[in-house]
Enquirer: 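One structure, pasted below without further comment.
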Amino acid sequence: MNIILSAVSEALLWSILAIGVYLMYKILDIADLSVEGVFPLGAVVCASLIIKDVNPIYATLLAIAAGSLGGLVTGILHTKLKIPALLSGILVMSGLYSVNLKILQKSNVSLAQNKTILDLLENYIPREYCALVLGIIVLTIIIIILYLFYKSEIGLAFIATGDNETMAQANSINTNRMKILGYMISNGLVAFSGALLAQYNGFADTASGVGTIVIGLAAVIIGLVVIRRAKFQYRLMSIVLGAIIYRLIIAVVLELNVEATDLKIISAIILALFLYLPNLNIGKVRWSK
């Protein structure tokens with residue numbers, strides 16, 4: 001039960017990143033690789049402030065702002081400088097590695113002696129349930145906000161940009177602005193996830209972003225395979241479910257005494273299998289936006 005509780009708790013925090021990946025990958029149809037630089041950015045900004053005795057809530061909010069700023073840079077490279085989305089993400093990802101080292105002044109830092117959001121929650125609920133409760137609260141707020149955004153005029157313009165950019169432009173929608181908005185929201189969520197996971201794990205590492213895009217895509221793809229033809233709000237919930245399934249699979253693999261160094265290739269294999277599932281004759285999956 002402890003293993004399941006730990007896997008689910010961690011999955012909820014990873015789900016925030018997965019939702020950010022979903023907004024770009026499925027809604028705007030853009031592969032944003034800057035995720036692997038923005039995730040540790042959120043972690044190091046949050047950790048560097050916490051070790052200076054800044055309130056962990058304020059530190060987390062500033063980490064989100066830093067992630068959104070990273071997304072703004074990627075968006076400007078892509079829309080204003082006309083650099084392809086894939087290359088824009090790679091440029092920002094590479095640049096942020098140096099930025100993260102500058103912020104942290106070292107490759108990693110421990111938060112064991114500092115107060116985190118989980119420590120604040122511990123005053124009200126048992127420690128082992130803090131991450132679970134935090135994840136549920138945060139995800140509920142995110143899903144409600146994104147649902148309201150989805151129903152708004154700007155949200156509809158955002159969806160239209162991903163569905164048919166040419167048609168959106170014909171209807172006087174500034175698609176470049178929508179893309180930049182998408183980059184900022186997505187990367188803000190990614191940095192949010194990085195900040196919370198740094199506090200959950202008790203440390204921040206500049207190399208923690210390696211493979212995060214695979215984790216995000218795995219959660220998105222597994223969720224969309226398991227729950228089909230769902231409305232927007234249920235698709236967001238399906239991503240959370242996908243992250244939980246993915247983390248439980250990883251937990252089972254670790255219980256089989258598989259070496260930690262093999263986790264990356266196992267993650268890739270799991271993702272490939274779920275990508276293949278829609279091709280099986282078990283009912284057609286609707287990969288709708």
Side-chain angles (χ1 to χ4, degrees), residues 1-22 39 42-43 56 60 111-112 116-144 189-190 192-205 208-228 230 233-275 277:
M1 287 302 297
N2 288 335
I3 293 172
I4 293 174
L5 178 62
S6 176
V8 172
S9 299
E10 190 172 352
L12 293 179
L13 302 182
W14 278 110
S15 298
I16 302 169
L17 173 141
I19 290 174
V21 170
Y22 171 79
F39 179 83
T60 303
L111 298 176
T116 66
I117 291 179
L118 298 176
D119 293 317
L120 298 180
L121 283 175
E122 195 175 2
N123 296 325
Y124 307 98
I125 56 178
R127 177 74 183 189
E128 61 268 23
Y129 298 109
C130 287
L132 182 67
V133 172
L134 177 63
I136 292 172
I137 293 172
V138 169
L139 284 168
T140 300
I141 293 172
I142 289 173
I143 290 173
I144 290 173
L189 290 172
V190 170
F192 191 10
S193 177
L196 292 181
L197 280 164
Q199 295 175 72
Y200 173 76
N201 293 323
F203 69 92
D205 194 311
S208 61
V210 177
T212 51
I213 188 68
V214 174
I215 296 172
L217 286 174
V220 171
I221 291 165
I222 292 172
L224 294 180
V225 167
V226 173
I227 299 180
R228 310 172 186 182
Q233 64 271 30
Y234 298 122
R235 266 177 275 149
L236 295 180
M237 294 178 190
S238 76
I239 294 169
V240 177
L241 178 60
I244 292 173
I245 292 173
Y246 175 77
R247 294 310 304 180
L248 287 174
I249 293 173
I250 295 298
V252 170
V253 170
L254 288 173
E255 282 299 300
L256 297 176
N257 295 321
V258 175
E259 292 184 15
T261 52
D262 296 332
L263 278 181
K264 297 297 182 184
I265 190 170
I266 291 172
S267 298
I269 292 171
I270 292 170
L271 180 56
L273 288 174
F274 275 93
L275 280 170
L277 277 180

Enquirer: Got a sec: does the CD1 of Ile3 have more than 12 other heavy atoms crowding it under 6.0 Å?
Expert: no
Enquirer: For Ser6 and Tyr200, what are the C-alpha separation, side-chain angles and deciding distance, and is it a side-chain contact (heavy atoms from CB on, under 4.5 Å)?
Expert: CA-CA 10 Å; Ser6 176; Tyr200 173 76; 3.3 Å; yes
Enquirer: How many angstroms lie between SG in Cys130 and CD1 in Ile125, if you round to the nearest 0.5 Å?
Expert: 4.0 Å
Enquirer: Does Trp14 form a side-chain contact (heavy atoms from CB on, under 4.5 Å) with Leu17? I'd like the steps, not just the answer.
Expert: CA-CA 5 Å; Trp14 278 110; Leu17 173 141; 4.1 Å; yes
Enquirer: Is it true that, when you exclude Asn2 itself, more than 12 heavy atoms of the residues, nucleotides or ligands shown sit nearer than 6.0 Å to its CG?
Expert: no
Enquirer: In sequence, state the C-alpha distance, the side-chain angles, and the governing distance for Ile19 and Leu139, and then conclude on side-chain contact (heavy atoms from CB on, under 4.5 Å).
Expert: CA-CA 10 Å; Ile19 290 174; Leu139 284 168; 3.9 Å; yes
Enquirer: If I compare all heavy atoms of Thr60 with all of Gln199, which pair ends up nearest, and what's the gap?
Expert: OG1-NE2, 3.0 Å
Enquirer: Rounded to the nearest 0.5 Å, how far apart are CZ of Phe39 and OG of Ser193?
Expert: 5.0 Å
Enquirer: I need the minimum non-hydrogen distance between Ser9 and Leu5, along with the two atoms involved.
Expert: OG-O, 2.7 Å
Enquirer: Distance from Leu256 atom CG to Ile266 atom CD1, nearest 0.5 Å?
Expert: 9.0 Å
Enquirer: Take Leu224 and Ser238 through the test side-chain contact (heavy atoms from CB on, under 4.5 Å) and record every step on the way to the result.
Expert: CA-CA 6 Å; Leu224 294 180; Ser238 76; 4.0 Å; yes
Enquirer: Can you tell me how far the CG atom of Leu217 sits from the OG1 atom of Thr212, to the nearest 0.5 Å?
Expert: 9.5 Å
Enquirer: Looking only at heavy atoms, which two atoms of Ala204 and Ala43 are closest? And how far apart?
Expert: CB-O, 3.7 Å
Enquirer: With rounding to the nearest 0.5 Å, note down the distance linking CG in Leu121 to CD1 in Ile137.
Expert: 6.5 Å
Enquirer: From the options Leu118, Asp119, Ile117, select the one residue that forms a side chain to side chain contact (heavy atoms under 4.5 Å, CB included) with Pro56.
Expert: Ile117
Enquirer: How long is the gap from OG1 on Thr116 to CD on Glu122, to the nearest 0.5 Å?
Expert: 8.5 Å
Enquirer: With sequence neighbours left out, what residues match Val138 under side chain to side chain contact (heavy atoms under 4.5 Å, CB included)?
Expert: Ile16, Leu134, Ile142, Phe192, Leu196
Enquirer: Which heavy atom in Ile239 sits nearest to a heavy atom in Ala18, and how many Å separate them?
Expert: CG2-CB, 3.4 Å
